[in-house]
Structures are given as structure tokens and as C-alpha cells.
There are 2 protein chains.
Amino acid sequence: MHKSEIKRQQLLDAIADYLLVNGLQDSSLRHLAAAIGTSDRMLLHYFVNKEELMTASLNLIAARMLSLLESARAQPMRLQTLLAYLTEIVKEPRFRPYLRLWLELVALSTSMDVYRLIARQICNSFYNWITLALEVGQEEDREPLAAFIFATVEGFVLLDALECGALITSGLQGAMRSTTSSAGV
Amino acid sequence: MHKSEIKRQQLLDAIADYLLVNGLQDSSLRHLAAAIGTSDRMLLHYFVNKEELMTASLNLIAARMLSLLESARAQPMRLQTLLAYLTEIVKEPRFRPYLRLWLELVALSTSMDVYRLIARQICNSFYNWITLALEVGQEEDREPLAAFIFATVEGFVLLDALECGALITSGLQGAMRSTTSSAGV
DNA sequence: AATAACATGTAGCATGTGCTACATAATTTG
DNA sequence: CAAATTATGTAGCACATGCTACATGTTATT
């Protein structure tokens, strides 16, 4: 790998860190550059324009996120256990920044094409992860239940962003009740 | 009500419409003004600054949303029925713009203080609405189940923004299975 | 060592944005 | 009707942003 390639990767890494902490709003070239100790001039030396920079950074973030997910893989679990497990994970400091950024990506993807692709990609990573992490009685239940868990957990991510911790706790409790007995029927 | 108050309300109404269609990204004073047939100069004549304008518009949107929710109220339903009902509602054209905007509000609220308050407010409207729309066997189940429904439906909103219709359908199906039998235990 | 390729700094342009200053038309009010 | 208040236009400022031009140092290649 050429030296410039290495430098490029270092820049991307630093930018990814910045975006995870600060979100996508305060990410002008000058801000980014200042935060990682370089200049806007340099960023445009290593990337053809801002769009390429952002795409590359977000792809890196998506990749990191995927490996984070993989590192959190355990034995397949039943619906209830998996839900509780994911609810805990969602609140972990190492996951939260990624989930926040993902939320922002989804929200922005409706009006900014650049973000849609990556948001979808991360969406698929999540869904696939859940699909494999789920232990089901009948195989035909797997995909629907995974999608259901996915939605519920994403709802928790959203509530977490609003700092509605109480609602999450209560919500998980609700999920438990609704899935143990026939409480909801 | 003074004439200028009326005009102010008309402007707010038009701006609310614009925001619901175009989101919060392309909402510079000049854009807003052009879209509703006036000038940035006029907007700053009726509002002290952009922040006040946005706050007022978003409050109006929140109020509209609340009355939309009220108009969708029906007899209290059991968990499963309510989930299916809400899943339908989420996709309705008259609701979708509000949900999209709400998603954007939540995503931005982590980095922009202005939006946090309104996002929380709408959050509470939703939750309260669900709480009352739910029919439970035991009263102690109400709040947890409401929070659970809330999270799941918000997850659907998020998936809807990504145009993952298939996942929503599948997810609802999963919710059905998990709440009817002991599939998940 | 000479030359080419790359790295980095300084300055600036074009555009967009929130907002203001100053002026004039329109309307209300005494 | 005169005066005061309100509405609206035009111009522009100050700042941020993506990006470019030009120059100069720095490293690599022959």
C-alpha cells in the first residue's frame, strides 16, 4: 500500500471518530479538518470532494459497526432473551455512538440521497445479525420474528436518543409480558 | 385578533406545510420564503429570528399532529389489534409526513437543542395516545405494554423511512406470532 | 545532485445564510 | 386630512462553506 493510501486511511479513521462523536451536522470540511489536526486543503488533496470523503467515512463506520456486531454475537437465543440482550447492548457506550449516527442517517436519507445507500446497508447488517442470533422453534418463524425484534429494538434506539430511559425499561417489560403469556390476545 | 396576528398564523401554516413536505434540511429563510410566496425580509418582520420561526412552526406541527392522532382514536383495542391498527396508520399518507418529520426531529435533537423539547413533547403525545387506546386485562400491564407498542411502532416508522416495506410486513407478522402463542419462550 | 512527484500553506472566489439598515408604499388612527 | 404605525422592497454586511489557484517546501527516483 502506498504511503498516501495509508495517510488516507488514517484521515478516514480520524474522521469516522469525529462523526461518531459529533454527528453529521457540524461536519464542514473546516470543522472536520480542525478536529483531526489538518486543513480543509489537505482533505481535498486526499479526497476528490466532500461527498467522496463522507461516503468513504460512512462506509468505514458501517464496516466498524459490522465487526462490533460480530463481536457481540453469542449463542442463538430465544425471542425473549434476545430482546433483553439487545436492549442492554443498545445502551452500551461502545454501541450508542453508532446507533445515534445510524438514526441520523435514516432521518437524513429521506432528503439526502448520499446517505440512503449506507443507511440501507447498515439496516441489512442489523437484520441479518438478528436473523442469525435468533433461535426459533419453527424455521418459518425466523424472519418475521427477526423483523419484529429489529423494529422493537430500533424503537428503543429512538427512545434512547430522546433520553426516555424509563420508557425503554417499561417497554422491555411490556415485551416480556406480551411474549410470555397470552396477555395481549 | 389583530390583523398582523392573522398574517403570522397564515405564514406559520404555510411554513408548517412546507416543512412537512421538505423536511428540516432545506429550510433556509430564503427557501421558506420563496416556497410560501413571500420574502425572508417579511419572515423576519413577523418573527424575531429564525429560531422563533422554527419553534413556532414545529409547535404548530405538533398541535396538528395531536389532533390527527385524536381523529384516529377508536375504541380501546387489545395489544395485537392495536399493533396492526397502528401499523396501517403509520403508512397512511396523512400521517407519514408527520412521522418523517418527527424522526428527523429525534435525530437532530441530540445535536441541536432547539428540537429536543418539541421531539419530547410529540413523544409524550404518542405514548399517551397509545396508553389510552390500549385495552388491557390487568391495569398494571397498561404502561409497559403501551411503551412496548410505542417502541415497535417507532421501529416501523424508521423502517418505513428506509422504504423497507417488506420488513414492516414481516415484522408485524412476527409481532402477531410472538403475542398469540408462546412462540418466543 | 537533478529532476519529478507529492505534500502542505496562504489566499481567495462563489455561493448560501441569518440578519440589518434604509427607504418607500400602504394602512390605520387621531 | 395629517400623523403615526405597519407592510414591504432593495441592498448589503458578516460569516460559513465547498472548492480552486498559486506558490513553496519535502520526498522519492534516476
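Heavy-atom basis, side chains included; hydrogens, waters and symmetry copies ignored. Below, chain A is the first sequence line, B the second, and so on; all start at residue 1.
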- Message: Categorize A/F47 for me: base, sugar-phosphate, or nothing, with a 4.0 angstrom heavy-atom threshold over every strand shown.
- Response: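 The answer is nothing, as A/F47 stays clear of every strand by at least 4.0 Å.
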- Task: With heavy atoms under 4.0 Å as the rule, sort B/L29 into base, sugar-phosphate or nothing.
- Result: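 Sugar-phosphate: the residue B/L29, judged by heavy atoms under 4.0 Å, touches backbone atoms but no base.
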Starting at atom [atom1] of [X], determine the distance to atom [atom2] of [N], rounded to an integer number of angstrom.
X: A/L44; N: C/dG12; atom1: CG; atom2: C1'; answer: 15 Å
X: B/L43; N: C/dG18; atom1: CG; atom2: C1'; answer: 12 Å
X: B/H45; N: C/dC22; atom1: NE2; atom2: P; answer: 18 Å
X: B/L53; N: C/dG18; atom1: CG; atom2: P; answer: 10 Å
X: A/E5; N: C/dA7; atom1: CD; atom2: P; answer: 11 Å
X: A/M42; N: C/dA7; atom1: CE; atom2: P; answer: 8 Å

- Item | Under 3.5 Å side-chain donor-acceptor pair for B/E104 and B/Q25 |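 B/Q25 and B/E104 do have a side-chain donor-acceptor pair below 3.5 Å.
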Main-chain N/O of [Y] paired to [X] side chain as donor or acceptor, under 3.5 Å:
X: A/R120; Y: B/L162; result: yes
X: A/R142; Y: A/L134; result: yes
X: A/T110; Y: A/V106; result: no

- salt bridge (charged side-chain N to carboxylate O under 4.0 Å, His left out) partners of residues 40-50 of chain B, not counting sequence neighbours, each pair once: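 Qualifying pairs: none.
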- salt bridge (charged side-chain N to carboxylate O under 4.0 Å, His left out): which pairs involve residues 57-67 of chain B, sequence neighbours left out?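 For residues 57-67 of chain B: B/D13-B/R64, B/D17-B/R64.
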- Message: Check B/D160 with B/K91, please: is the shortest side-chain N to carboxylate O separation under 4.0 Å?
- Response: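 Between B/D160 and B/K91 there is no salt bridge, as every charged N stays at least 4.0 Å from the carboxylate O atoms.
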- Message: Taking A/E163 first and then A/R96, would you say they form a salt bridge - that is, a charged N and a carboxylate O separated by under 4.0 Å?
- Response: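 The answer is no: the pair does not qualify as a salt bridge.
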- Query: For DNA chain D, whose closest nucleotide is more 5', that of B/K7 or that of A/E51?
  - Reply: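 The answer here is B/K7.
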- Task: With DNA chain D as reference, determine whether B/R30 or A/R30 sits nearer its 5' end, using the nearest nucleotide of each.
- Result: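 Per heavy-atom nearest nucleotide, the more 5' residue is B/R30.
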- Query: Near DNA chain C, which residues from residues 31-40 of chain B have a heavy atom under 4.0 Å away?
  - Reply: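 Close to the strand are B/H31, B/D40.
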Find out whether [X] and [Y] are in side-chain contact, i.e. whether some heavy atom of one side chain is under 4.5 Å from a heavy atom of the other.
X: A/L69; Y: A/F95; value: yes
X: A/L19; Y: A/P97; value: no
X: A/L172; Y: B/P144; value: no
X: B/L79; Y: B/F148; value: yes

- Identify the 5'-most and 3'-most nucleotides of DNA chain D with at least one atom closer than 4.0 Å to a non-hydrogen atom of chain A.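 First and last nucleotides in contact are D/dT17 to D/dA28.
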- Task: Would you tell me if any nitrogen or oxygen in the side chain of B/S28 comes within less than 4.0 Å of OP1 or OP2 on C/dG16?
- Result: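 Answer no for this pair, as no side-chain N or O of B/S28 is under 4.0 Å from OP1 or OP2.
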Polar atom pairs between nucleotides 23-30 of chain C and protein, under 3.5 Å, N or O only, would you list them?
{"unit_1": "C/dT28", "atom_1": "OP1", "unit_2": "B/K3", "atom_2": "NZ", "d": "2.9"}

- Quick one: do B/T179 and A/S178 satisfy side chain to side chain donor-acceptor pair (under 3.5 Å)? Show the steps, please. CA-CA 6 Å; B/T179 54; A/S178 75; over 6 Å; no
- Task: Give the angle between the helix axes at the two ends of the helix from C/dA1-D/dT30 to C/dG30-D/dC1, taking five base pairs at each end and rounding to 10°.
- Result: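 Terminal axis comparison yields 0°.
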- Transitive ILVMFWY side-chain link A/V114 to A/L58, under 4.5 Å: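 Yes: a chain of side-chain contacts under 4.5 Å links A/V114 to A/L58.
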